[in-house]
There are 2 protein chains.
Amino acid sequence: MQTSAHDQYFRSDDHNHARCRREAVATAATLCAQRGARLTPLRRQVLELVWARHAPVLAYDLLDQLRARQRRAAPPTVYRALDFLLEQGLIHRIESMNAYVGCVDPFVEHAGQFLICNRCRSVAELDDAEIGEAVKAQATAAGFQVMRPTVEIRGICSACAR
Amino acid sequence: MQTSAHDQYFRSDDHNHARCRREAVATAATLCAQRGARLTPLRRQVLELVWARHAPVLAYDLLDQLRARQRRAAPPTVYRALDFLLEQGLIHRIESMNAYVGCVDPFVEHAGQFLICNRCRSVAELDDAEIGEAVKAQATAAGFQVMRPTVEIRGICSACAR
DNA sequence: TCATGTTATGTTATATTATAACATTGGAGG
DNA sequence: CCTCCAATGTTATAATATAACATAACATGA
Ligand SMILES: [Zn+2]
Ligand SMILES: [Zn+2]
Ligand SMILES: [Zn+2]
Ligand SMILES: [Zn+2]
């Protein structure tokens with residue numbers, strides 16, 4: 001399998017994503033157990049669907065997929081599961097797309113920073129200290145208490161640029 | 001009139017905002033004239049409404065206000081005017097609020113960076129080089145071409161924290 | 001001036017995203 | 001079994017945004 005300098009950001013096309021997904025769900029189960037939060041079958045199923053790819057998923061696409069899997073589902077079904085997963089830090093909301101993506105490191109609390117490809121929709125999640133520091137410095141200078149920093153960088157990923 | 005170290009970010013409550021607004025519209029007119037873009041009465045009216053305060057405005061609130069001013073208006077009326085103003089860099093869209101705010105420096109092309117108060121909704125627009133550099137550094141490391149960086153920092157402004 | 005193409009606006013309908021409100025289900029603990 | 005509570009089901013509707021087509025305003029050259 002080929003690797004490149006960029007692999008630490010975007011997952012290559014041929015990576016073993018089934019494993020990413022299994023691990024993400026297993027991690028979620030562990031975390032929820034630790035916290036006494038209930039990762040019910042519905043919530044687990046939504047998390048699996050969100051983890052379909054390293055790309056944000058729309059709420060109504062999740063709804064369609066739940067229905068395709070013979071589950072009774074209406075918009076609140078999906079939004080409530082998403083709310084739970086957001087609260088637990090297991091997924092992030094991508095504001096600029098009204099979409100949801102799995103968190104790559106739910107053990108550590110963090111606000112997401114994202115590189116999002118406009119062509120293939122792939123997302124790379126960052127947690128860059130320099131961006132964080134720079135934001136904090138500006139906030140401090142303004143006497144501003146940061147609650148939820150949102151950093152979403154839209155553009156073209158290296159694979160799509162080729 | 002009192003001033004404080006934070007004034008360069010958030011406008012104080014007692015600043016002369018009528019003047020901000022007049023200047024913003026005048027600047028817009030100048031810019032559009034330079035570019036051969038048409039700041040029609042409708043577009044100018046929407047820009048004035050967006051500049052009501054240093055806070056993001058919702059599209060449907062603009063719609064209501066246009067109607068209150070005896071103008072025939074439907075959603076496309078507003079969205080088309082907003083699209084024009086966005087293209088000209090005269091306003092920014094706040095993704096995390098589905099709302100629109102006047103740009104404080106439309107002469108220079110830039111992506112907005114915003115501090116947004118969750119309490120009073122006031123917005124401070126930044127164009128901080130350090131944040132920009134940090135973002136660019138990460139993008140470069142990932143082989144990513146930045147097209148539209150979005151930085152929206154939600155929190156509590158100094159006035160509301162007091 | 002008029003014909004013509006182009007841009008802007010009006011109009012109707014509908015798509016997309018999200019929440020309110022209330023009913024039902026199904027365990028955990030007594 | 002009963003009770004409580006969290007989770008889910010269900011119906012309706014709110015909030016945000018766009019598609020598609022009609023008309024009006026405007027520019028520009030014949
Ligand atoms: Zn993967
Ligand atoms: Zn994350
Ligand atoms: Zn002002
Ligand atoms: Zn700006």
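A, B, ... follow the sequence lines: proteins, then strands. Residue 1 opens every chain.
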dT16(C) P sits how many Å from Asp61(A) CG, rounded?
10 Å
Rounded to whole Å, please give me the gap between CG in Leu42(B) and C1' in dA25(D).
13 Å
Check whether any side-chain heavy atom of Ile131(B) sits under 4.5 Å from a side-chain heavy atom of Gln138(A), and report yes or no.
yes
Provide, to the nearest angstrom, the distance between the OH atom belonging to Tyr60(B) and the P atom belonging to dA18(C).
15 Å
dT9(C) P sits how many Å from Tyr79(B) OH, rounded?
17 Å
Considering every strand and a 4.0 Å limit on heavy-atom distances, what is the contact class for Tyr100(A): base, sugar-phosphate, or nothing?
sugar-phosphate
Choosing from dA20(C), dA17(D), dA18(C), which nucleotide comes nearest the side chain of Ala59(A)?
dA18(C)
So, is Arg72(A) close to the dT10(D) phosphate, meaning a side-chain N or O under 4.0 Å from OP1 or OP2?
yes
Rounding to a whole Å, what distance do you find between Arg38(B):CZ and dA25(D):C1'?
8 Å
Taking for each residue the nucleotide of DNA chain D with the nearest heavy atom, is it Ala99(B) or Thr77(A) whose nucleotide lies nearer the 5' end?
Thr77(A)
Euclidean distance, atom CD of residue Gln45(A) to atom C1' of dA7(D) [Å, nearest integer]:
15 Å
Find the distance Arg80(B):CZ to dT18(D):P and express it as a whole number of Å.
12 Å
Find the distance Met97(A):CE to dT16(C):C1' and express it as a whole number of Å.
14 Å
4.5 Å side-chain heavy-atom contact, Ile153(B) and Met147(A):
no
Comparing Pro75(A) with Ala81(A), nearest DNA chain D nucleotide closer to 5' gives the residue Ala81(A)
